[in-house]
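Order of appearance sets the numbers: ligands from 1, and atoms from 1 within every ligand. Numbering of residues begins at 1 and proceeds along the displayed sequence.
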Amino acid sequence: MKRAIELHINGDTHDVLVSPNNTLLEVLRDKLGLMGTKRGCDLGACGACTVLVNGEAYLSCVMLAVDAVGKEILTIEGLAEGAELHPLQKAFVETGGLQCGFCTPGMILTAKAILDEDEHPSEQAIKAKMAGNLCRCTGYKKIVEAVMSVTNPGTDR
Ligand code: FES
Ligand code: FES
């Protein structure tokens, strides 16, 4: 039986009708049109669907939408301030930390969660904490460089 729930996403409130087994990813993409959150494996194995829930990185393909009620959800659409990209978004563009871009929203939101917890993580810590985000294009070097450029702006990499 469907149920009406209220979700707080990117500072807005959305009323949606969901089934108990709808994942947060299904609701974001299929009901609310927030297509920036990507459906990769749909199994909790690739990180493409990462969103922030109360500031922590979650895989939205394995989280039920009903479990997100009462929490603050941030998707990639909510990261920029108007036309001003978030520093991580700028860094990925400037560093070339993306090719097809499919993994990029999840990468950037995972990186945001890392930096919100620790402004200056080591390269090793970044690699370890981003290990759940898979990229089929870049080989990861530029992605790590992009995150490092935000943690230590102006330093040689
Ligand atoms: S789509 Fe969620 S982890 Fe792959
Ligand atoms: S840039 Fe294509 S999957 Fe990462």
Full working for side chain to side chain donor-acceptor pair (under 3.5 Å) between Thr75 and Glu77: CA-CA 5 Å; Thr75 72; Glu77 289 90 347; 2.6 Å; yes
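Remark: Asp30 engages Arg39 in a salt bridge (Lys or Arg N to Asp or Glu O under 4.0 Å) (not counting sequence neighbours). Legend: residues meeting side-chain contact (heavy atoms from CB on, under 4.5 Å) with Arg3, ordered by chain and number and at least two apart, are Ile5, Val66.
The shortest side-chain heavy-atom distance between Leu74 and Asn10 falls under the 4.5 Å cut-off.
Around atom 2 (Fe) of ligand 1, protein N, O or S atoms at less than 2.8 Å comprise Cys49 SG, Cys61 SG. Annotation: protein N, O or S atoms under 2.8 Å of atom 2 (Fe) of ligand 2 (waters excluded) comprise Cys100 SG, Cys137 SG.
When every heavy atom of Met107 is checked against every heavy atom of Met130, the shortest pair comes out as O-CE, 3.3 Å.
In this structure, Asn54 contributes its side chain and Lys71 its backbone to no donor-acceptor pair below 3.5 Å. At distances below 3.5 Å, not a single donor-acceptor pair connects side-chain atoms of Arg29 with backbone N or O atoms of Leu34. Checking side-chain atoms of Glu84 against main-chain N and O of Glu81 turns up no donor-acceptor pair under 3.5 Å. No side-chain donor-acceptor contact under 3.5 Å links Asp15 to the backbone of Glu6.
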